[in-house]
Amino acid sequence: MPSPKDTVQAILCDGVRKIAPDAMIEVALERPRHPEHGDYATSVALQLAKVLGRKPREIAEDIVKSTRQEIAGAGACEPLQIAGAGFINIRLKQSSKTQIVRQILQAGASFGRVQAPAAPPVQVEFVSANPTGPLHVGHGRQAALGDALAALLESQGYQVTREFYYNDAGAQIRNLALSVQARAQGIEPGGAGWPVDGYAGDYIREIAEDFRAQGGKPQDDLSDLEAVRKFAVAFLRQEQDLDLRKFGVKFDVYTLESSMYAEGKVAAAVQGLVASGKTYEKDGALWLRTTDYGDDKDRVVRKSDGSYTYFVPDVAYHVSKWQRGFAKVINVQGTDHHSAVTRVRAGLQALDIGIPQGYPDYVLHSLVKVMRGGAEVKISKRAGSYVTVRDLIDWVGRDAARFFLVSRKADTEFVFDIDLALAKSEENPVYYVQYAHARVCSMLAQWGGDPAALPGAELGSLNSGKELDLAQRLSEFPEMLSAAAKELAPHAVAFYLRALAGEFHSYYNAERILVEDEALRVARLALCVAVRQTIANGLALLGVSAPEKM
RNA sequence: GCGCCCGUAGCUCAGCGGAUUAGAGUAUUGGCCUCCGAAGCCAAGGGUCGUGGGUUCGAAUCCCGCCGGGCGCGCCA
């Protein structure tokens with residue numbers, strides 16, 4: 001069932017087409033800043049003025065005249081009005097605004113969700129931390145962003161796979177093993193025999209102790225190093241898993257970088273690159289002409305020692321994504337990896353196997369800076385050089401951490417003030433939204449009536465300014481979700497929920513809901529329950545709970 | 001130096017090219033609980049949208065220069 005807005009927009013589109021058949025102009029309905037300009041307005045006449053070489057007001061009049069009958073017939077809004085330079089103002093009828101309440105109550109948890117049978121399978125890859133230490137706050141931001149993005153895409157009908165990629169094959173893993181081995185042999189960080197660039201965090205000691213407790217005897221030879229490596233990687237993978245579970249994030253697929261080698265995919269990728277004719281030998285190494293694809297310099301594929309650079313398994317991994325049928329892939333990564341974007345895309349294009357340009361999509365997020373006492377916190381005892389996800393959850397709780405981390409545009413630097421988060425934990429934005437949800441639950445309990453009666457409520461009595469504003473806000477939920485999914489911008493959900501909760505609290509304080517008049521009482525309750533449902537649906541996308549009591 | 005991103009209220013941040021007063025939160029100040037949950041509401045103060053040009057009927061928004069900040073510029077991952 002089309003919304004009143006869509007109905008009016010479709011009529012206006014027809015009208016514009018009659019007047020300017022060739023103009024490629026969208027009829028965008030905007031929300032005017034000032035209420036006296038109506039519920040929606042369009043500047044389409046101003047945009048057409050240039051194309052048609054006519055005055056905008058005249059064009060607006062033509063549009064209004066030619067659509068008058070359809071507008072009246074649809075019954076969604078009052079007669080259109082022209083204002084200012086040539087804006088067309090649209091004022092919806094009361095019943096058009098409040099019908100959303102009934103729709104929400106009928107749709108329930110599926111309000112805002114759309115079916116898209118033709119949508120391609122989507123994969124969202126995020127976190128993808130190396131198993132060399134506990135997850136840091138940057139991973140937390142990534143987990144919050146990636147999981148919300150995945151949920152957002154699911155809401156728009158996509159089949160989404162959440163995937164985690166472990167870089168378990170590189171030099172840093174060897175470094176991890178050496179560090180644990182040294183610790184297990186009683187060597188302190190920085191002491192004699194400590195590996196160059198070894199990991200100094202306390203967790204290394206924990207792993208070493210665990211290893212020994214389970215009978216491990218780390219001798220200074222390679223066979224034992226391999227045992228240490230396996231133990232340490234398993235230990236950290238499990239620990240990262242526990243943190244993610246605590247954060248409420250679940251992955252569908254885990255892929256190991258080592259499997260790219262084991263399954264011959266790295267070799268196949270190299271073969272493909274060579275076959276493409278885009279490679280050349282220089283200084284004993286094999287290079288790929290990534291500059292043909294916008295990179296600022298060519299990249300080494302095979303080092304002079306015969307091993308491959310990390311970018312080869314990366315390309316192989318993305319080929320596997322494509323071959324698994326993911327026509328749309330979104331990688332959530334820190335901006336510190338942004339140089340990989342060009343490189344991976346270049347590698348995929350060079351292979352020339354039908355992967356479209358610009359594959360995959362990226363959401364790059366700035367790193368998180370943690371502040372305490374006016375100074376940046378760079379050190380956590382356990383991790384050594386960074387603040388962990390676990391610290392964050394312990395400090396502010398999962399709901400607050402997730403809501404907070406997702407409520408900023410990905411590409412802005414995130415300053416997380418611990419003092420504020422600790423001191424004001426009860427005033428954190430998430431509680432404000434959850435509180436609105438709990439308040440409605442409480443009212444329903446007090447009312448004691450049958451909620452099944454609410455969807456059939458007569459809504460004609462909802463006509464105060466705040467009630468109509470709330471209804472309007474509710475009707476924007478689906479389009480907000482669709483825009484957020486399109487823009488890969490989950491922060492829009494958090495901002496929407498904050499605004500909706502704000503309008504609800506304001507309404508609650510202005511009007512009594514449980515009034516004597518039964519028809520009015522039921523109508524207001526229906527509106528409140530619609531708010532509750534929308535908040536619950538939005539919070540669910542963000543992985544934040546919607547408590548009935550707080 | 002080169003590339004990408006960011007500069008909006010004291011602080012943290014929204015803001016699809018649109019309508020004489022650019023929005024939230026927080027902080028500050030002053031009000032509101034015999035009344036559905038005060039984790040709430042109402043009100044006030046606080047801005048050359050970094051800066052200088054350009055495009056346009058119209059710019060915080062698009063383009064260019066400059067200033068300031070972040071990240072990246074390995075035969076590391």
Side-chain angles (χ1 to χ4, degrees), chain A residues 26 28 30-34 36-37 41-43 46-47 49-50 55-56 83-87 89 130 132 167 169-173 175 197 257 282-287 294-297 299-311 313-314 334-342 364-367 369 371 404 407-417 420 424-432 434-436 438-447 483 486-487 491-492 494-496 498-499 501-502 504-515 521 524-525 528 549-550:
Chain A
E26 248 183 280
E30 295 153 4
R31 291 279 296 158
R33 209 194 302 280
H34 301 293
E36 58 269 28
H37 294 136
T42 177
S43 62
L46 283 82
Q47 292 167 44
K50 195 172 190 180
K55 290 184 179 169
F87 291 91
N89 292 342
N130 297 343
T132 56
N167 291 102
Q172 83 282 7
I173 293 293
N175 195 4
D197 296 327
E257 181 186 8
K282 193 181 89 179
D283 303 331
L286 183 69
W287 298 68
D295 206 352
D296 55 354
K297 58 182 76 167
R299 304 294 168 175
V300 169
V301 171
R302 191 182 59 232
K303 301 183 237 176
S304 53
D305 70 1
S307 66
Y308 298 115
T309 56
Y310 80 96
F311 130 80
D314 227 10
T335 54
D336 54 335
H337 286 94
H338 79 242
S339 64
V341 175
T342 314
L364 299 179
H365 66 89
S366 298
L367 302 186
K369 187 197 261 187
M371 302 288 287
F404 213 63
S407 64
R408 271 141 181 79
K409 250 186 332 194
D411 56 8
T412 59
E413 191 185 348
F414 192 159
V415 179
F416 200 111
D417 190 326
L420 194 72
K424 304 294 176 192
S425 63
E426 296 202 342
E427 292 172 25
N428 202 298
V430 68
Y431 290 104
Y432 185 81
Q434 290 179 321
Y435 183 48
R439 248 185 172 171
V440 178
C441 292
S442 171
M443 270 192 298
L444 271 182
Q446 172 133 356
W447 172 54
K486 197 175 158 197
E487 306 288 322
H491 75 276
F495 277 92
Y496 172 88
R498 184 63 178 73
F504 168 75
H505 287 309
S506 176
Y507 172 54
Y508 178 90
N509 277 274
E511 304 278 6
R512 188 172 174 81
I513 311 302
L514 300 175
V515 291
R521 183 173 66 219
R524 287 182 172 171
L525 275 170
C528 291
K549 287 182 181 173
M550 297 174 66

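Values below: all heavy atoms of this structure, side chains included; hydrogens, waters and symmetry mates excluded. Bear in mind the structure is a predicted one, so any value in this text is a computation, not a measurement. In what follows, every chain begins at residue 1, and chains take the letters A, B, ... in the order their sequences are listed.
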A:A438 near the nucleic acid: base, sugar-phosphate alone, or nothing, with a heavy-atom cut-off under 4.0 Å? base

Give me the distances for all protein-to-nucleotides 74-77 of chain B N/O pairs that come in under 3.5 Å?
| residue | atom | partner | partner atom | Å |
| --- | --- | --- | --- | --- |
| B:rG74 | OP2 | A:K297 | NZ | 3.0 |
| B:rC75 | O2 | A:S304 | N | 2.8 |
| B:rC75 | O2 | A:S304 | OG | 2.9 |
| B:rC75 | N3 | A:S304 | OG | 3.4 |
| B:rC75 | N4 | A:D283 | O | 2.7 |
| B:rC76 | OP2 | A:K303 | NZ | 2.8 |
| B:rA77 | OP2 | A:Y310 | N | 3.1 |
| B:rA77 | O2' | A:N130 | ND2 | 3.4 |
| B:rA77 | O2' | A:Q172 | NE2 | 3.3 |
| B:rA77 | N6 | A:Y310 | OH | 2.7 |

Just to verify, what does A:R512 make a side chain to side chain donor-acceptor pair (under 3.5 Å) with, not counting sequence neighbours? none

Set of side-chain contact (heavy atoms from CB on, under 4.5 Å) partners for A:D305, sequence neighbours left out: A:K303, A:S307

Starting from P on B:rG40, measure out to OH on A:Y432 and report it in whole angstrom. 7 Å

Roughly, in whole Å, what's the span from NE2 in A:H365 to P in B:rC71? 14 Å

From NE2 of A:H505 across to P of B:rA38 the rounded distance in Å is 10 Å

Given B:rC42, is OP1 or OP2 found less than 4.0 Å from the side-chain N or O atoms of A:Y507? no

Distance check, C1' atoms only: B:rC16 and B:rC62, in whole angstrom units. 13 Å

In whole Å, what separates the P atom of B:rG50 from that of B:rC6? 13 Å

Atom-to-atom span, CE of A:M550 to C1' of B:rA38 - whole angstrom: 13 Å

Indicate for each nucleotide in nucleotides 14-20 of chain B, in 5' to 3' sequence, whether protein heavy atoms under 4.0 Å reach the base (B), only the sugar-phosphate (S), or nothing (-). SSB-BB-

Kindly write out the residues that satisfy side-chain contact (heavy atoms from CB on, under 4.5 Å) with A:A436, not counting sequence neighbours, or none if the list is empty. A:A501, A:F504, A:H505, A:I535

If you measure from the C1' atom in B:rA39 to the same atom in B:rG47, how many Å do you get, rounded? 31 Å

Could you tell me how far apart A:D296 (CG) and B:rC71 (P) are, to the nearest whole angstrom? 18 Å

How many Å lie between OH on A:Y435 and P on B:rC36, as a whole number? 11 Å

Roughly how far apart, to the nearest Å, are B:rC13 and B:rG58 at atom P? 34 Å

Spacing of A:Y431 atom OH relative to B:rA38 atom C1', expressed in whole Å: 17 Å

With sequence neighbours left out, the residues meeting side chain to side chain donor-acceptor pair (under 3.5 Å) with A:R299 are A:D295, A:D296

Considering only nitrogen or oxygen atoms on both sides, find all protein atoms under 3.5 Å from nucleotides 45-47 of chain B and state each distance.
none

Secondary-structure stems for RNA chain B, with pairs counted as Watson-Crick or G-U when both distances are under 3.5 Å and runs at least 3 long: B:1-7 with B:67-73, B:10-13 with B:23-26, B:28-32 with B:40-44, B:50-54 with B:62-66

Could you give the distance separating B:rA22 and B:rU55 at their P atoms, to the nearest angstrom? 25 Å

Taken in chain and number order and not counting sequence neighbours, the residues that satisfy side chain to side chain donor-acceptor pair (under 3.5 Å) with A:E487 are none

Test salt bridge (charged side-chain N to carboxylate O under 4.0 Å, His left out) applied to A:E511 - qualifying residues, sequence neighbours left out: A:R524

Taking atom P in both B:rC63 and B:rA77, compute the distance separating them and give it to the nearest angstrom. 36 Å

Please measure how far the C1' atom in B:rG1 lies from the corresponding atom in B:rC57, and state the result in whole Å. 42 Å

Measure all distances between protein nitrogen or oxygen atoms and nitrogen or oxygen atoms of nucleotides 30-32 of chain B, and list the pairs falling under 3.5 Å.
none

Residues in side chain to side chain donor-acceptor pair (under 3.5 Å) contact with A:H337, at least two apart in sequence or another chain: none

Taking syn as within 90° of 0 and anti otherwise, name the glycosidic form of B:rC33. syn

Taking only the P atom of each, what is the distance from B:rU26 to B:rU51 in whole angstrom? 28 Å

